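For reference, the structure is listed below as structure tokens.
Predicted, not measured: the structure shown is a model, and the values here were computed from it. Just so it is clear: chains get the letters A, B, ... in the order the sequence lines come, proteins before strands, and each one is counted from 1.
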Protein chains: 2
Amino acid sequence: MENVNEKAFELHRKNRGKLEIKSKVPIETKDDLSLAYTPGVGYVSSEIGKNKALARELTLKGNSVAIVSDGSAILGLGNLGPEAAIPVMEGKAVLFKRFANIDGFPICLATQDTEEIIKAVKNIAPVFGGINLEDISAPRCFEIERRLREELSIPVMHDDQHGTAVVVLAGIINATKLAGLKKENAKVVVSGAGAAGTATTKTLLAYGFKNIIVADSKGIISGERTDLTPEKIELCKITNPEGMNGNLTQAVLGADIFIGVSKPGVLTAEMVKTMNEKPIIFALANPVPEIMPDVAKSAGAFIVATGRSDFPNQVNNVLAFPGIFRGALDNKVRQFEEKMFLKAAENLASFVKEPSPGKILPSVFEKGVVEAVAAAIK
Amino acid sequence: MENVNEKAFELHRKNRGKLEIKSKVPIETKDDLSLAYTPGVGYVSSEIGKNKALARELTLKGNSVAIVSDGSAILGLGNLGPEAAIPVMEGKAVLFKRFANIDGFPICLATQDTEEIIKAVKNIAPVFGGINLEDISAPRCFEIERRLREELSIPVMHDDQHGTAVVVLAGIINATKLAGLKKENAKVVVSGAGAAGTATTKTLLAYGFKNIIVADSKGIISGERTDLTPEKIELCKITNPEGMNGNLTQAVLGADIFIGVSKPGVLTAEMVKTMNEKPIIFALANPVPEIMPDVAKSAGAFIVATGRSDFPNQVNNVLAFPGIFRGALDNKVRQFEEKMFLKAAENLASFVKEPSPGKILPSVFEKGVVEAVAAAIK
């Protein structure tokens, strides 16, 4: 890790970041200037002035995504502010380009006020074909996404929510198939009720899972709790059908599936041993998972997935967001809908031709992943 | 012109705009991913979280400029809205890259409210090393620039004001030298009291010109006028030392220098004939100047400059803004000051080794222009 940190720092220092702007047209002569800039560009502007839809055909808008963060929840590092968010958003832009040929640009906002964020994003929207919200802390992220979806006519997605949810669902589809488990009967425990936990829960429910228990750091989210935010009260209404109370240990008793989007080490070998037959463990805390794969396996886990690239079954948002926005841009999708995400997860799952406990998801470098996901977004 | 329009449209359509985002780092292996993105990027973010100044060293901030417009005054086309501004701002970004290797990105705002523009620019500022305001109509452009300069610690420049003023002053320095005219004695008439006219006037005064008369579409700006905006009342206080009234024809009588940043055709051959010996004419309305160069020459003009590339002495902002921002970024300038612009104009003027009436300014493609201008901004 030391070594990775040093190398990463040096890579960023040497290149002064990771992104640059490149011209797609030559500027070598006065004639070039007269077409790319004045006077020729004036005609292009006039035509767009008459018909705004032309902006998608004649400008970067047709292929651009704003990668928007307020720096309030940077990776697992917390609230470090907008400047500290830049390397992550640049990284995201690099991935957008590499995997889906999308021109993403980092917008790191100097405000963490919900209304100001909404206003800022609406005000910069004309240049972009889509908005990828990123590393914005819960619960503000929910309202910001909801409002922007209502108020903008370009697709808006908080990747920490739906990117994660899509890849988790894809992995769960293959894992349950391998375990011979039916979604209607499976007992699922989600550890973590932030952006990822909330969206994953809702997506699994929309897909047809019926029995999901969500736990946050205080325990199972239930009607008995008096400390719930409005968002968690909403979660409570749609989960925990048996009205369980207690802690995570009690929640996982007899569970088929554990999905951790929470903290290192919260799932122990002893807890895995209390789960149902063929336990499916998604331990996605990064870089240190809720349980280490070898520990989980020794305790009887049938399938283990993590967020890390150095273990099998990496749940990586890069499997989802490039294809999701590629499809949205290509099909001029006005707004994302849950059914698109479900279809994206199905496509991602079926992309793995012969799933096995050690391979429930494609690698991010497999060719065709982006196209498979993009085909779902229309 | 028809032909240029068609070619420009086709260039934009074929390329879907002119800009793309490019990665400066490879993403071909899991190791690449672990440095450019997680987990390595987390360390880079943490370090910036501890010391925000590192963002200039480790991210695109050290070399990036936001090109901000609200679409209210696009070239000479008027208020066509933010989508129509995109091709011009993309063009500007292309020029930033081509001439100064600066990564400019278009920010076209969905608001024309002064306070909202100021707030939006402040909110997006963390990613950028500088702010280039563009094609924002007067008088809002003055307050927006002033406030942003006060409230941000990255340099902010409205190019329609200062980019123009710098290049005009550079040309005027060489023109007056050739005409044997002293700045203290020269009578200057500025036609146009918008962004360019106002800034050019103030810059010429700061340089040492004493006798400037400004005229807008209603005539000479004088204390007798009852229709002046607050900005024009300010202009009135520092210009027109003899308290003249009347129209543009009366203003140019006996003038040494005419600077038009106004409308096609407002200066006639007859008016040129009433000017002092060796009249200097800057007819910068684009694409059709205040007077055509051949007409001005026939009427006795000593030097004629226009905004066009197909006549000698092109006054083109491209001579100024790439170098101005290059210098600002390289020298970590916190805010622009008038003295920097004066020095930039001097450097630009002296870049022309042997000025002549047909060559008072460099061509935009001459090597070394950007460096000469950049050397002034520190």
Side-chain angles (χ1 to χ4, degrees), chain A residues 4-5 7-9 11-13 15-25 27 30 34-37 39-46 48-49 52 55 58-60 62 74-75 80 82-84 86-88 91 93-94 97-98 103 105-111 120 123-124 126-127 287 309, chain B residues 4-5 7-9 11-13 15-25 27 30 34-37 39-45 48-49 52 55 58-60 62 74-75 77 80 82-84 86-88 91 93-94 97-98 103 105-111 120 123-124 126-127 287 309:
Chain A
V4 168
N5 287 352
K7 278 190 187 171
F9 191 92
L11 180 85
H12 287 75
R13 195 199 57 74
N15 293 288
R16 300 189 76 186
K18 290 167 292 201
L19 285 190
E20 69 173 322
I21 303 295
K22 202 183 156 211
S23 174
K24 296 193 279 190
V25 302
I27 304 286
K30 284 185 177 183
S34 71
L35 300 181
Y37 204 57
V41 74
Y43 178 69
V44 179
S45 287
S46 301
I48 296 173
K52 290 191 196 313
L58 303 175
T59 80
L60 80 169
I74 301 174
L75 306 173
L80 303 182
E83 288 83 2
I86 307 175
V88 180
V94 164
K97 191 68 182 180
R98 167 64 178 78
D103 298 309
F105 193 82
I107 299 290
C108 299
L109 296 170
T111 177
N123 277 337
I124 61 157
V127 172
S309 61
Chain B
V4 168
N5 287 352
K7 278 189 186 172
F9 191 93
L11 181 85
H12 287 75
R13 195 199 58 74
N15 293 288
R16 301 189 75 185
K18 290 167 292 201
L19 287 190
E20 69 172 322
I21 303 295
K22 199 181 159 215
S23 175
K24 295 193 279 189
V25 302
I27 304 287
K30 283 185 177 185
S34 71
L35 300 180
Y37 203 57
V41 74
Y43 178 69
V44 180
S45 286
I48 296 173
K52 290 192 196 312
L58 303 175
T59 79
L60 81 168
I74 301 174
L75 306 173
L77 304 165
L80 303 182
E83 288 83 2
I86 306 174
V88 180
V94 164
K97 191 68 182 181
R98 167 65 178 78
D103 298 308
F105 193 83
I107 299 290
C108 299
L109 296 170
T111 177
N123 277 337
I124 61 157
V127 173
S309 61

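Annotation: side chain of A/Lys97 is not in contact with side chain of B/Ser23 (no heavy-atom distance under 4.5 Å). At least one side-chain heavy atom of B/Ile74 sits under 4.5 Å from a side-chain heavy atom of B/Leu80. Put simply, the side chain of A/Ile86 does not reach to within 4.5 Å of the side chain of B/Ile48, judged on heavy atoms. Between A/Phe105 and B/Leu60 there is a side-chain heavy-atom pair separated by less than 4.5 Å.
Annotation: maximal heavy-atom pairing with chain B below 4.5 Å, among A/Pro87, A/Gly91, A/Gly49, occurs at A/Pro87. Contact tally against chain A (heavy-atom pairs below 4.5 Å) for B/Val25, B/Leu77, B/Val44, B/Ile21: the top residue is B/Ile21. Top candidate by heavy-atom pairs under 4.5 Å with chain B, chosen from A/Arg13, A/Lys22, A/Lys30, A/Lys52, is A/Lys22. Between chain B and the options A/Leu75, A/Leu109, A/Leu35, the largest number of non-hydrogen pairs under 4.5 Å is found for A/Leu35. Highest contact tally toward chain B, considering only A/Val127, A/Ile107, A/Asn123, A/Val41, is held by A/Asn123 [criterion: heavy-atom pairs under 4.5 Å]. Put simply, of A/Ala93, A/Cys108, A/Ala120, A/Ser309, the one with the most heavy-atom pairs under 4.5 Å next to chain B is A/Cys108. In terms of non-hydrogen atom pairs under 4.5 Å with chain A, the most contact-rich of B/Leu19, B/Val88, B/Leu11, B/Val94 is B/Leu19. Chain B forms more heavy-atom pairs under 4.5 Å with one residue of A/Ser34, A/Gly17, A/Pro82 than with any other, namely A/Gly17.
Looking at B/Lys18, the atoms closer than 4.5 Å to chain A (heavy atoms on both sides) sit in the backbone and in the side chain alike. Heavy atoms of B/Ala55 lying under 4.5 Å from chain A belong exclusively to its side chain. Both the backbone and the side chain of B/Ile27 come within contact range of chain A, each with at least one heavy atom under 4.5 Å from a heavy atom of that chain. When heavy atoms are compared at a cutoff of 4.5 Å, B/Arg98 approaches chain A solely by way of its side chain, counted from C-beta outward. With a 4.5 angstrom heavy-atom cutoff, B/Ile124 touches chain A via backbone and side-chain atoms both.
Scanning for ring-ring contact (aromatic ring centres under 6.0 Å, His included) contacts around B/Tyr37 gives an empty result, with sequence neighbours left out.
The shortest non-hydrogen separation linking A/Lys24 to B/Asn15 is NZ-O, 2.7 Å. Shown here for A/Leu58 and B/Phe9, the closest heavy-atom pair between the two residues is CD1-CE1, 3.6 Å. Of all heavy-atom pairs between B/Ala110 and A/Pro126, the closest is CB-CG, 3.8 Å.
The distance from atom CD of B/Glu20 to atom CD of A/Glu20, rounded to the nearest 0.5 Å, is 9.5 Å.
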